[in-house]
Peer 1: 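First, the structure itself, so that you have it in front of you.
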Amino acid sequence: MRVDGKELRPIWFDRARGIVRVIDQRFLPHELIIKDLTHVDEVIRTIKDMVVRGAPLIGATGALGVYVSLVQDGARPGDDNYIEDECRRLKDARPTAMNLFWGVDRVWDAVQVHSSPEVRIEVALKEALEVVEEEAVNCRKIGEFGSSLIEKIWDQKNGEPVNILTHCNAGWLACIEYGTATAPIYTAFDKGIPVHVWVDETRPLNQGARLTAWELGKHGVPHTVITDNAGGHIMQHDMVDLVIVGTDRTTRAGDVANKIGTYLKALAARDNDIPFYVALPSSTFDWSITDGVRDIPIEERNPDEIRYVQGLCNGEIREVLVPPAKSPCANHAFDVTPARLVTGFITERGICRADEASIMALFPEKKTK
Ligand code: MRU
């Protein structure tokens, strides 16, 4: 996507220098810092510390992480135990997003049939860069399918702007291009359909206020940042036409894990008859499970993310303590929205209802019987 006239992605391979580079998302929107990833430990830390975050981006980073570990492994050709351990360490960096396991496994599966270290490195890079490009294409398709929903609402509103609520950052920073939840918004906006986005701030790390608002602003999309708790109120007062969120893992039966607070938005949307859509590439489906509340591991992060709030103060990025220093805090990072509260999924293959039969109709190769 274009930022201040420059094409930018959250991750790329710098061919001239032979290294993986990422945007350090921890300091946006106030500072745009680029980091080099030359060692697998750095890749793992980058995922853990949320230098990169968002399910498709974590998947792409994990995929390139396998390449980085193979380059490092040059000194000990043929040691599969070492590289399998590195893959495991990469997959352990965060527990909820399906894409991480998918990305790492995909590259390792492509590599392990070869024995020559040089060929392995070449194959790993090629496969990882295919993951990156495919996810960009998937998000563009999600945008095309999803914008039809926005267009339909626009027709019904006789040309009035369509108000869309989104949670967390499921934009291009969380993916490669376009985003998942934001792709239909960018596509509709680029077609000239008037849209306005309600951006949940998304405590504790404020991915909405910091990242989604930054992205939308850079693209010129009208938006307003709201507190996480404002969604119910604005839905009751006809200020929301449509909710679109992303997801970190969705079961084959349609239960959706996404950033903490998504479930409450789905409940409020259902109570107010507002369509609640989830946008995702197929790499986010966990085809092995059906019950999300029981089977999706929910990450618990450092409580300091709740204790301290980061922002700009006199031109410097600072952190300040909010609750009493001794109050215990608990940081559940995701929740699960049951399929019954989801109106539908927007995928790279089209839109479907949130039930196993409809999902399988789009992805017949995943049918088990
Ligand atoms: O903890 P994060 O910032 O990695 O969580 C990200 C989200 O919850 C996104 O909504 C999700 O990954 C969808 S990304 C397109």
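Both backbone and side-chain heavy atoms feed into the values below; hydrogens, waters and symmetry mates do not. In each ligand, atom 1 is the first atom listed, and ligand 1 is the first ligand listed.
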Peer 1: Could you pull out all residues at least two apart from Asp228 that satisfy salt bridge (Lys or Arg N to Asp or Glu O under 4.0 Å)?
Peer 2: none
Peer 1: Would Phe345 and Tyr277 count as a close aromatic pair, with their ring centres under 6.0 Å?
Peer 2: no
Peer 1: When rounded to the nearest 0.5 angstrom, what is the spacing between CG in Leu8 and CD1 in Ile23?
Peer 2: 4.0 Å
Peer 1: Could you pull out every donor-acceptor pair under 3.5 Å between side chains of residues 311-334 and any protein atom, sequence neighbours left out?
Peer 2:
from, atom 1, to, atom 2, distance (Å)
Asn331, ND2, Asn302, O, 3.1
Asn331, ND2, Glu305, OE1, 2.9

Peer 1: At less than 4.0 angstrom from any atom of ligand 1, which residues have a non-hydrogen atom? List them by chain and residue number.
Peer 2: Met50, Arg53, Gly54, Ala55, Pro56, Arg94, Cys168, Asn169, Ala170, Ala174, Cys175, Thr180, Gln207, Gly246, Thr247, Asp248, Asn258, Lys259, Phe334
Peer 1: Verify the cluster assignment for Leu280 and Ile142: are they in a single hydrophobic cluster under the rule of side-chain heavy atoms below 4.5 Å apart?
Peer 2: no
Peer 1: Checking Asp291 now: which residues fulfil salt bridge (Lys or Arg N to Asp or Glu O under 4.0 Å) with it, not counting sequence neighbours?
Peer 2: none
